[in-house]
Amino acid sequence: MKSSRNYPVYTVNKHAEGLLVGGHPWVYENDILSSPEAEPENGTLVDVVSTKGAYLGTGFLSLKSKIRVRLISRNTNDTFDAAFWKRRVEYAWAYRKTVLDCFTHTGSFALNTAKGGAARVTTADISAEAIAMAQRNAQRNNLTNMDFLCEDTFELLPRITPSCGACPRPIT
């Protein structure tokens, strides 16, 4: 059952609708066909709909960016209360435990994620010197939850990601 919605409504063109239905999280300024007469405050939650009025998502409005709306939900029944944000943070934390650091260079991002609680971190760089430097930095920090790959990232990614190529999770 649909919840009653009290958010300002932004209608987007077919191009944006296709992107959003395909999973894209942003609505660009030039894809908006109509917006509320009284402009909402920056940071307000707004609903995004198709030209036919179909709900596409809810997100934060940004009046200072070409990315006008950043979606946070595609579920019309979501309530943006403490439980919603707790669930989102827990999901984000768990998601960031499948870490892959491409073009790692000295490994600074990988080192921080490994030290910050990631279960496993894989670093990749085409430069053997960069990988050696990242390994030394991991040893200096007593980090043992890291793997190092000296490979061309553009060849590595298609082998370890699903066919969509949009997710860094390994194929199982």
Shortest non-hydrogen contact from [X] to [Y]?
X	Y	value
Thr79	Phe84	O-CB, 3.1 Å
Asn42	Leu63	OD1-N, 2.6 Å
Val121	Ala110	CG1-CB, 3.5 Å
Leu111	Ala134	CD2-O, 4.5 Å
Arg70	Trp26	CG-CD1, 3.8 Å

Just verifying a value: how many Å separate [X] [atom1] and [Y] [atom2], rounded to the nearest 0.5 Å?
X	Y	atom1	atom2	result
Asp152	Ser127	CG	OG	12.0 Å
Gln139	Thr144	CD	OG1	11.0 Å
Glu39	Thr44	CD	OG1	9.5 Å
Met146	Gln135	CE	CD	9.0 Å

[X] versus [Y]: any side-chain heavy-atom pair under 4.5 Å?
X	Y	result
Glu151	Arg159	yes
Arg74	Leu56	no
Val27	Leu20	yes
Leu71	Val48	yes
Ile131	Thr123	yes
Phe60	Ile72	yes
Val69	Leu61	yes
Pro36	Tyr10	yes

Without swapping roles, check the side chain of [X] against the backbone of [Y] for a donor-acceptor pair under 3.5 Å.
X	Y	answer
Asn141	Leu143	no
Arg68	Asp31	no
Asn13	Leu33	no

**OP:** Starting from the C-alpha separation in whole Å, work towards a yes-or-no answer on side-chain contact (heavy atoms from CB on, under 4.5 Å) for Thr11 and Ile32.
**Re:** CA-CA 6 Å; Thr11 303; Ile32 294 174; over 6 Å; no

**OP:** List the steps and the verdict of side-chain contact (heavy atoms from CB on, under 4.5 Å) for Thr153 and Asp125.
**Re:** CA-CA 6 Å; Thr153 299; Asp125 200 291; 6.0 Å; no

I'd like to check the side-chain hydrogen bond (donor to acceptor under 3.5 Å, both in side chains) partners of [X]; sequence neighbours left out, ordered by chain and number.
X	value
Arg120	Asp147
Ser73	Asp78
Lys86	Glu90

**OP:** Show your reasoning for whether side-chain contact (heavy atoms from CB on, under 4.5 Å) applies to Ile126 and Cys150.
**Re:** CA-CA 5 Å; Ile126 197 168; Cys150 184; over 6 Å; no

**OP:** Please lay out, stage by stage, how Ile67 and Ser62 fare under the test side-chain contact (heavy atoms from CB on, under 4.5 Å).
**Re:** CA-CA 7 Å; Ile67 302 169; Ser62 177; over 6 Å; no

Original post:
Can you list every ring-ring contact (aromatic ring centres under 6.0 Å, His included) pair that touches residues 117-155, not counting sequence neighbours?
Top reply: Phe103-Phe154

Subject >> Pairs where residues 102-112 contributes a residue and the test side chain to side chain donor-acceptor pair (under 3.5 Å) is met, not counting sequence neighbours >> reply: Asp101-Thr104

Original post:
Residues in salt bridge (Lys or Arg N to Asp or Glu O under 4.0 Å) with Asp47, at least two apart?
Top reply: Arg5

Subject >> Residues Glu29 and Lys64 bridged, charged N to O under 4.0 Å >> reply: no

